[in-house]
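Everything below concerns the one structure shown next.
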Amino acid sequence: MARHQKFSWTAVASPAQHIAVKNGVGAAERLEVDSVLAKELGENGFRSTRRTKIICTIGPTSCSEEMLETLAVNGMNLARLNMCHGTREWHHEIISRIRRLNQDKGFSVAIMLDTEGSEVHTSALDQPIKAEVGEEYVLTIRDPSSVGAMAIGVSYDAFVDDVEVGDSVVVDGGMVSLEVESKMGPDVHCRVVDPGIILSRANLTFRRDGAVIRARNSMLPVLSSKDWLDIDFAIRERVDFIAVSFVKSADVIKNLKSYLNSRADKVIEVIAKVESHDSVPNIAEIVEASDAVMVARGDLGAQIPLEDVPSVQKEVVVRCRQLGRPVIVASHLLQSMIEYPTPTRAEVADISDVVRQRADALMLSGESAVGAYPDKAVNVLRAVATRIEEWVRQEKHGQIVLPQLANVPDGRVSEELCASASTMANNLGARAIFVYTRRGYMANFLSRCRPDCPVFAFTDQQDVRQRLNLRWGVMPFRLDFAPDPEENVDRTFRLLKRRDLVQPGDLVVVVSDIRPDSSDASVVRSVQIRRVPA
Ligand SMILES: Nc1ncnc2c1ncn2[C@@H]1O[C@H](COP(=O)(O)OP(=O)(O)OP(=O)(O)O)[C@@H](O)[C@H]1O
Ligand SMILES: CC(=O)C(=O)O
Ligand SMILES: [K+]
Ligand SMILES: [Mg+2]
């Protein structure tokens, strides 16, 4: 079968080389592109280069320098660090490793820090516990070692008041279920109903008659005092994104954004995680307030009925696209690959559904953090995304009506310009759209249009380049800008030709809103149709 080749699970890129391009004429003519992206573009051609971005949660089985490099080579665009696990020192070390690899190997892997949030979880365990039907465990708010061999600590003191005899305790959304048999002061005695594995710091939800109990639990702050310390750590580490766990409403996002505005000396984008029962009625305001959104299906599936998860996912994805917010679909995409080297057919179908919905990014959780095959899981995401995107383009799936966003004339012009550029590029079968952008604003608008060809975004800011890694279809480049916008286009053609990334005669649509000087009055916005000169 001719397709077999494209659908294989092997890596497209061999170990990357540093490929910052320097023009002999002057040191200013410098173009930097992620070495893995350059290779993908060279080998697959523009049209077949993957548009959906890949995020990997880094944990014990993916934190070595070798595995981080393999993940980057296989297509990881963003690394996620989950502050539920590991110490700040550990996370600092991983961030340093990723930065070193970016520097030495020419990657541009962006960094996301994910807050712990006030979820209720078990204490740290040295070993996962295999819970068998009928066994009794004591969930306690005391030090479990003082209670006995079958005791497990719980992070939230009021849980002993919240639960009653007969309630269910659900571990990690259903990995294990227990029933409360008796309460004795700080200890709650439970019997295993559904057997399975209890992992270290596993999430706990409590149910009565099938419904989630949200007594005191729902009064916990979304950002705890520990989370604020982790946020200060994120600022010091200059991460690209902070993902906020268990968001309930827009308030916490607004609060965090103003904190970051006043404290951080770079832009850190705030990602709202939709995983709390309480977030569901407030999705519209949450999407509006956030820079990006994650459908965190692991916890979401424990907080709302499982059969409601797909429609919430769809709603969030569509809303985000309409408002131009990047959207990530996370967790259980390749759950079986935690243990096995190949995915189930149902998992491939799930990934394909996310890609058809045209979400910006796919995120691995346990598969890359603790799984036996993090590199293979990334290969599967890459192969499935690439193949399904091609199919979506052929069949014209996933077209949605995009409402007008900007309500100021300036914004309207940018938005219309991008919509027209995207339509023109589709109708003319352009090889790429080039956009020159300082803050990434125009690249975002273009990504929202989901054009058939890739968007090459040229920015002079390294941190904008990193953030654009999350945007669907955007291939970020760092370019030293010339004062004259026309010179930027010529410079790009020259440098890309030298890399063999474009050929003379290629048709590209060029969008620019770079100001020749810093005064707003002189902004020149344009769309041009250009052929790469000989
Ligand atoms: N830094 C880490 N150190 C140790 N184990 C980790 C780390 N990160 C993740 N893990 C393990 O990988 C599993 C899956 O990771 P994941 O980030 O999905 O965590 P989680 O505990 O389910 O929380 P969340 O809801 O925030 O995703 C975790 O349950 C944990 O066992
Ligand atoms: C990613 C995450 O937090 C979840 O799926 O619950
Ligand atoms: K988390
Ligand atoms: Mg979660």
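Just follow the structure's listing: the first ligand is 1, and inside any ligand the first atom is 1. We're numbering straight along the sequence, starting at 1.
- Scanning both residues, S290 and V293, for their nearest heavy atoms gives CB-CG2, 4.3 Å.
- For the residue pair S245/K273, the side-chain donor-acceptor check at 3.5 Å is satisfied.
- Atoms of ligand 1 found under 4.0 Å from any heavy atom of V370, numbered from 1 in the order shown, are 11 (C), 12 (O).
- Summary: OE1 is the N/O/S atom of E275 found nearest to the Mg ion (ligand 4).
- In this structure, V160 and P186 approach most closely via the heavy-atom pair CG1-O, 3.7 Å.
- Considering backbone and side-chain N/O of R201, none are found under 3.5 Å from N/O of ligand 1.
- In the vicinity of K273, heavy-atom distances shorter than 4.0 Å reach the ligand 1 atoms 26 (O).
- Atoms of ligand 2 lying under 4.0 Å from at least one heavy atom of G298, given by number and element, are 4 (C), 5 (O), 6 (O).
- The heavy-atom pair separating R450 from R358 by the smallest distance is NH2-O, 2.8 Å.
- Neither the backbone nor the side chain of M175 has a heavy atom within less than 4.0 Å of ligand 1.
- With a heavy-atom cut-off of 4.0 Å, R80 touches ligand 1 through its side chain alone.
- Counting non-hydrogen atoms of other residues, nucleotides and ligands closer than 6.0 Å to NZ of K130 gives a total of 12 or fewer.
- The closest donor-acceptor contact from the side chain of K183 to the backbone of V163 lies under 3.5 Å.
- Below 3.5 Å of separation, one finds an N or O of H85 facing an N or O of ligand 1.
- Inclusion of S365 in the set of residues having an N or O under 3.5 Å from an N or O of ligand 2 is not warranted.
- Shortest contact from atom 25 (O) of ligand 1 to any protein heavy atom: D299 OD2, 2.6 Å.
- Annotation for ligand 2: atoms under 4.0 Å from non-hydrogen atoms of R80 are 1 (C), 3 (O).
- Within the 4.0 Å heavy-atom shell around ligand 1 one finds P60.
- At a 4.0 Å heavy-atom cut-off, ligand 2 touches K273 through the side chain alone.
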- Mind running side-chain contact (heavy atoms from CB on, under 4.5 Å) on H85 and L199 for me, showing each step along the way? CA-CA 11 Å; H85 310 281; L199 295 172; over 6 Å; no
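- Within the structure, the closest approach of T57 to ligand 1 falls below 4.0 Å when heavy atoms are considered.
- Less than 4.0 angstrom separates atom 8 (N) of ligand 1 from at least one non-hydrogen atom of the protein.
- The atoms of ligand 2 that sit less than 4.0 Å from any heavy atom of A296 are 1 (C), 2 (C), 3 (O), 4 (C), 5 (O), 6 (O).
- At the top of the distance list for atom 22 (O) of ligand 1, counting protein heavy atoms only, stands D172 OD1, 4.6 Å.
- Among all heavy-atom pairs drawn from W472 and A359, the shortest one is CD1-O, 3.3 Å.
- For D299, the N, O or S atom closest to the Mg ion (ligand 4) goes by the atom name OD2.
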- Message: salt bridge (charged side-chain N to carboxylate O under 4.0 Å, His left out), that's the test. Do R88 and D230 meet it? Break it down for me.
- Response: CA-CA 8 Å; R88 278 183 209 118; D230 288 339; 2.8 Å; yes
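- Looking from atom 5 (O) of ligand 2 to the surrounding protein, the closest heavy atom is S331 OG, 2.5 Å.
- Within the 4.0 Å heavy-atom criterion, neither part of Q303 lies near ligand 2.
- Near W90, meaning under 4.0 Å from one of its heavy atoms, ligand 1 places the atoms 1 (N).
- Taking every non-hydrogen atom of M363 and a distance limit under 4.0 Å, the qualifying atoms of ligand 2 come out as 1 (C).
- Numbered from 1 in the order shown, with element, the atoms of ligand 1 that lie under 4.0 Å from a heavy atom of N82 read 16 (P), 17 (O), 19 (O), 20 (P), 23 (O), 24 (P), 26 (O), 27 (O).
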